[in-house]
Amino acid sequence: MASLLKESRKAKGKRNADDMEIDQDHGPVMKKPRNKQRVLMLSSRGINHRMRHLMNDLEALLPHVKKDSKLDSKNHLHLLPELADLNNCNNTLYFEARRHEDLYMWAAKTPNGPSIKLHVQNIHTMDELKMTGNCLKGSRGILSFDKAFDESEWGKLTKEVFTHIFGVPPQARKAKPFIDHVLTFSILDSKIWFRNFQIIEKDPLQPNGPPQMSLTEIGPRFVLTPIRIFEGAFSGATVYSNPEFVTPAAVRSALKREKGDKYGNRKHAQAERGSRKDLRRLEEDELAVSKVFT
């Protein structure tokens with residue numbers, strides 16, 4: 001026990017040489033922590049053109065993203081942490097397509113988690129919006145989160161994961177030393193709304209005038225509905241589950257059922273009308289004109 005105490009005291013008194021850097025004027029100085037975030041982006045089989053364009057837009061916005069080929073099977077998500085490790089990435093953005101029309105996004109910290117599964121809706125890409133704004137490819141963006149993220153536990157966790165994934169490190173290989181756009185995340189109706197705005201410092205109508213700061217939306221834009229948060233990377237215990245989420249397949253089946261109910265009600269009304277006509281024919285009076293003068 002005494003030897004363990006001595007070793008702990010020695011460890012407290014010493015500093016690792018890797019954590020120190022030499023300054024010619026002031027001697028050894030503690031190194032600043034470096035932001036070493038790299039993101040692996042890939043998708044499943046079955047994505048359509050809109051989903052593919054959304055991935056291309058996100059790849060252009062995030063220079064620290066490394067894109068990989070499609071994952072063949074949707075039931076082998078345990079392979080994604082291994083792929084991220086092979087590509088030297090500690091974050092993963094996985095887009096899972098279902099029935100060629102439903103898109104789900106997995107945002108995970110690899111290899112230990114956590115991981116968030118979200119449903120992506122209302123996708124509008126840069127080419128589709130045809131907005132006038134533009135930003136430098138590879139430039140870094142400012143992350144702006146709504147204050148509603150700090151009001152819930154799942155919001156705090158989502159904010160931390162999104163900060164690691166969408167926050168571009170200054171030491172990224174393809175990153176430019178400029179900040180000219182803002183990525184905003186807002187919570188409304190229990191959904192996360194993503195918007196991208198360009199920072200314009202001068203009025204385009206008066207280029208030689210005084211600087212006037214303004215924002216112009218340049219896309220892409222989409223809405224994320226949180227479904228479930230897992231403790232591990234694409235697996236593990238459920239930390240949070242959204243009780244208000246309804247799958248899009250259930251919504252479509254409800255609409256079809258409603259259309260089927262309308263058809264059934266119309267046929268039922270036709271059958272009742274026919275039965276009433278038959279009853280009126282049977283209940284005619286014996287002294288009716290049609291029977292007396294036959």
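Predicted model only: the values in this text are computed from it and were never measured. No hydrogens, no waters, no symmetry mates; every other heavy atom, side chains included, goes into these values.
Side chains of K109 and H164: a donor on one and an acceptor on the other come within 3.5 Å. Side-chain N/O atoms of E217 and N196 include no donor and acceptor closer than 3.5 Å. Neither side chain, N88 nor K66, offers a donor N or O lying under 3.5 Å from an acceptor on the other.
Checked by atom type and distance alone, the side chain of R140 never pairs as donor or acceptor with a backbone atom of K176 at under 3.5 Å. Checked by atom type and distance alone, the side chain of T184 pairs as donor or acceptor with a backbone atom of R195 at under 3.5 Å. Judged by distance alone, the side chain of N87 and the main-chain N or O of C89 form no donor-acceptor pair under 3.5 Å. Counting only distance, with no hydrogens or angles, the side chain of D57 and the backbone of M126 share a donor-acceptor pair below 3.5 Å. A donor-acceptor contact shorter than 3.5 Å links the side chain of H64 to the backbone of I165. Panel note: side chain H100, backbone G46; a donor-acceptor pair is recorded below 3.5 Å. A donor-acceptor pair under 3.5 Å is formed between the side chain of S44 and the backbone N or O of A97.
Between H76 and H78, the angle of the ring planes lies from 30° to 60°, which puts this pair in the tilted group. In this pair, H119 and F245 present their aromatic rings perpendicular. The plane angle is above 60°, beyond the 30 to 60° band.
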Stepwise side chain to side chain contact (heavy atoms under 4.5 Å, CB included) check, L118 with T225: CA-CA 5 Å; L118 308 110; T225 304; over 6 Å; no
Worked verdict on L215 versus I200 for side chain to side chain contact (heavy atoms under 4.5 Å, CB included): CA-CA 6 Å; L215 297 177; I200 299 177; over 6 Å; no
Test log, rule side chain to side chain contact (heavy atoms under 4.5 Å, CB included), inputs Y240 and L157: CA-CA 10 Å; Y240 169 78; L157 182 58; over 6 Å; no
Working for side chain to side chain contact (heavy atoms under 4.5 Å, CB included), residues L80 and Y94: CA-CA 9 Å; L80 292 174; Y94 175 63; 3.8 Å; yes
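Using a cut-off of 4.0 Å between Lys/Arg side-chain N and Asp/Glu carboxylate O, D72 and R45 are scored as salt-bridged. A salt bridge does not link K256 with E258: every distance from a Lys NZ or Arg NE/NH1/NH2 to an Asp or Glu carboxylate oxygen is 4.0 Å or more. At a threshold of 4.0 Å, the pair K147-E151 does not count as salt-bridged, since none of the basic side-chain nitrogens sits closer than that to a carboxylate oxygen. With respect to E101 and R252, a salt bridge is recorded, a charged nitrogen being found less than 4.0 Å from a carboxylate O. Remark: K159 engages D150 in a salt bridge, criterion side-chain N to carboxylate O under 4.0 Å.
Of all non-hydrogen atoms in P81 and T110, the two that sit nearest each other are CA-CG2, 4.1 Å. In plain terms, the two heavy atoms of A60 and K137 that are nearest each other are O-CG, 4.2 Å. Among all heavy-atom pairs drawn from L54 and T125, the shortest one is N-CG2, 3.8 Å. When every heavy atom of S235 is checked against every heavy atom of S115, the shortest pair comes out as N-OG, 4.3 Å.
Residues W154 and F149 keep their aromatic ring centres 6.0 Å or farther apart. For W193 and F185, the ring centers are positioned 6.0 Å apart or more.
When each of N91, D68, L58 is tested with M41 by the rule side chain to side chain contact (heavy atoms under 4.5 Å, CB included), just one qualifies, namely L58.
Other residues, nucleotides and ligands place more than 12 heavy atoms under 6.0 Å from the CD atom of E272.
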